[in-house]
Amino acid sequence: MADTTFHADSRAADRSNPHSLAALEAHQLQKIYRQGKQTIEAVRQVSLTIQPSEVLAFLGPNGAGKTTTIKMIAGLIQPDQGWVRIAGHDPHQNRRALRLVGAVLEGNRNLYWRLTAQENLEYFGVLRGLSRHVAQRRSLELLEQFDLTHRRRTAVRDLSRGMQQKLALAVALVHHPQLLLLDEPTLGLDVEASQHVKVLVRTIAQAGCAILLTTHQLNVAEELSDRVAIIQQGKIIAEELTRELIRQFSGSSYQIEFEGELGAARARAIVALGASIHPGHISFAGSSDLLYQLLDLLKPLPLVQVKKDQADLTEVFLKLVRGAS
Amino acid sequence: MIDLLIAEFKRSWIQLIRYPIEAIGGVIITTTVFYGLFLSARYMVGPGFQFGDRLDAIVVGYVLWTLVIFIMSDIATGLQSEAQTGTLEQVFLSPFGAPRVFLARAVASLMLRLALILSILLIIMGLTGSRLHFPPTLLFPLASMILGAYGLAFIMGSCALLFKQVQQLLGLFQFVLLFLLATPTETWIGAARIASFLLPMIPSANLLRDLMARQADLMLLPIAIALFNGAVYFALGLLVFGWAERRARRLGVLGGY
């Protein structure tokens, strides 16, 4: 990326400031679909808040209600109950609130394939309420920032999938939104393109834009998000800081890998501390005092690593979703 | 709003010229179909028969029918294909609001459509020997007919918004349009004639045939009826479209395919 200085929102509030205006407040959203005599509660009492510069990963299995929630936030689906405020404005009552939202809703299918990268940016800039002149200037800035200047005259259908996805992101940012909705932004991308999009998402958030991210790639969510909300069968079953959620599901035991032979006497002493010995490593679930005694016992054997059991977001997600069902 | 109009014009123009074969193919096919119909009709009546102003009236009806189909496909088929490609939701995220965006699109693409239709008209006139007249007064019935056509196009667009699959309906609707635009209802009398004023676009199509094929003078009452008819159908189209948009938001089918 040529230049990562984004101008996404100069009014970015400090998200540590509790009095700053939330980029998104969704309160008790509810949506019921009727198919013949059947009613499906797609979303039940979902509330979400995102501060400027914050990335919220909104996770859930297929059909859990993620897309319906995102579309209610974007004003594309009318909630049966509840309300949405984007930087204090209701997108269902006031169309001008839509100037504060950018969205990449489904992969790369948000662009006109016959238009070039630059033509798409300029068109969507005007569609989002910018003047033609500002849209042209902004397009050139974004092409530069997203490293697409050399392909600006290429029709979208001839761009690689990674470039299309970067362009869709740029288009969503053309009007300086305060809230960015990203639905599966790295789906179908190769490793390099996916890495590039992740860097872009981080940079956009650092520039002050709040991001609501849905993805099934939980490693991506873990890398990018400050907070996680997990939805299942239309209801939020967990909402927590990402690090805190992972900590809660991480064990308190240690794995100690070493090289060399323990010997019978040392092995007995180690087992006496409550540890269990396996070939090449020791599992230990005691206090830190005892951990250091154990490490003393291992002297002078070379240690390969001492590692605390750490859950990842995939484990956390599966435990929560299976527990709730 | 002017910026939006220019942006929509640019978008329509680029999409048309980036693959010129499509546009040229459309003109050739439309002209060929008419020429085929014309040759069949001449074969049936025999070589000695002179069509006279009847041929001119048919040419006007056919060309108007083609124009209206272009307008329909701009809105209804456009909505359907944008729902498939995912750009429709981006349009509904515009602070301008969908009706204004689609109206800007309609105006922008109309210029291009009129240019295409003029080429078709000139080719047909060259092929058939039809001699039409283009008095400046034809702008009034043309405008009223385009208003009516956009009204119907917005109603079909509403169906596309709610039901997505409107291809078959559009196909059938072409025959309804052919009836509306090619039937010489100006020869009807009594109640049927009055009823024809209430149908979309018919008063305008009558006037256009009179002006272009029969070189009749423009009378105030018929043009007032045509303009009123066009304005009513246009307003109805916009109202139905606004209602369909709200309903699609409630049902959660906006943009979904």
Side-chain angles (χ1 to χ4, degrees), chain A residues 31-35 40 42-43 67-68 71-72 74-80 91-92 94-116 119-120 122-135 155-157 168 171-172 175 177 181 183, chain B residues 1-23 78-79 81-105 108-109 161-162 242-257:
Chain A
K31 188 71 199 173
I32 296 172
Y33 292 125
R34 289 178 180 80
Q35 287 178 342
I40 300 159
V43 173
T67 302
T68 301
K71 289 187 177 178
M72 284 196 279
L76 293 170
I77 293 179
Q78 181 80 42
D80 295 332
H92 293 278
N94 177 10
R95 287 194 196 286
R96 296 183 74 82
L98 294 174
R99 286 196 69 156
L100 308 170
V101 190
V104 181
L105 288 175
E106 284 177 62
N108 56 8
R109 302 190 310 156
N110 289 258
L111 304 163
Y112 288 101
W113 285 44
R114 289 185 176 197
L115 268 57
T116 65
E119 287 161 353
N120 264 288
E122 288 177 5
Y123 171 73
F124 280 108
V126 174
L127 192 71
R128 296 278 176 271
L130 302 181
S131 71
R132 261 185 324 135
H133 176 69
V134 174
V156 167
R157 67 190 314 163
V171 161
H175 57 302
L181 306 172
D183 197 358
Chain B
M1 192 66 191
I2 292 292
D3 278 338
L4 179 65
L5 201 60
I6 294 170
E8 287 296 353
F9 185 79
K10 197 174 162 191
R11 190 184 67 88
S12 306
W13 174 248
I14 293 168
Q15 291 197 314
L16 184 73
I17 57 156
R18 194 134 292 161
Y19 297 92
I21 297 295
E22 277 181 15
L79 264 164
S81 73
E82 292 213 20
Q84 277 172 301
T85 56
T87 43
L88 188 61
E89 282 170 329
Q90 295 294 331
V91 172
F92 280 92
L93 280 172
S94 169
F96 286 107
R100 273 212 280 177
V101 174
F102 281 99
L103 205 56
R105 287 185 168 193
S109 68
L161 208 53
L162 290 171
W243 168 82
E245 185 199 346
R246 287 191 297 279
R247 184 160 172 77
R249 281 183 203 273
R250 267 204 311 280
L251 296 176
V253 296
L254 202 65
Y257 190 75

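In what follows, chains are A, B, ... by sequence order, proteins preceding strands, each numbered from 1.
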Could you give the distance from [atom1] ([X]) to [atom2] ([Y]), rounded to the nearest 0.5 Å?
X	Y	atom1	atom2	answer
A/L105	B/Q90	CG	CD	6.0 Å
A/Y123	B/L4	OH	CG	6.5 Å
A/R132	B/K10	CZ	NZ	8.0 Å
B/R247	A/Q78	CZ	CD	13.0 Å

Open item on the list: Can you give me the closest heavy-atom contact between A/L127 and B/P95, atom names plus distance?
Closed with: O-CD, 3.5 Å
Open item on the list: Testing the basics here: between B/E22 and A/R114, what is the closest heavy-atom pair and its distance to 0.1 Å?
Closed with: OE2-NH2, 2.5 Å
- [ ] Please look at B/I14 and chain A and tell me whether the side chain, the backbone, both or neither of the residue comes under 4.5 angstrom of a heavy atom of that chain.
- [x] side chain
Task: Contacting region of B/L251 [heavy-atom separation from chain A under 4.5 Å] - done: backbone
Open item on the list: Are B/R249 and A/H92 packed together at the side-chain level, in the sense that at least one heavy-atom pair is separated by less than 4.5 angstrom?
Closed with: no
Task: Test item: B/R18 and A/T116 side chains (from C-beta on) under 4.5 Å apart, heavy atoms - done: yes
- [ ] Could I get the full list of ring pair (Phe, Tyr, Trp, His ring centres under 6.0 Å) partners for B/F96, not counting sequence neighbours?
- [x] none
TODO: Salt-bridge test for B/E89 and A/K71: reply yes if a basic N is under 4.0 Å from a carboxylate O, no otherwise.
DONE: yes
Open item on the list: Closer than 3.5 angstrom, by distance alone: can the side chain of B/T87 be matched with the main-chain N or O of A/Y112 as a donor-acceptor pair?
Closed with: no
Open item on the list: What part of A/V126 gets within 4.5 angstrom of chain B, counting heavy atoms only: side chain, backbone, both, or neither?
Closed with: both
Open item on the list: Once salt bridge (charged side-chain N to carboxylate O under 4.0 Å, His left out) is applied, do any residues pair with B/R11, and if so which ones, sequence neighbours excluded?
Closed with: B/E8, B/E82
TODO: List the steps and the verdict of side-chain contact (heavy atoms from CB on, under 4.5 Å) for B/D3 and A/H133.
DONE: CA-CA 9 Å; B/D3 278 338; A/H133 176 69; over 6 Å; no
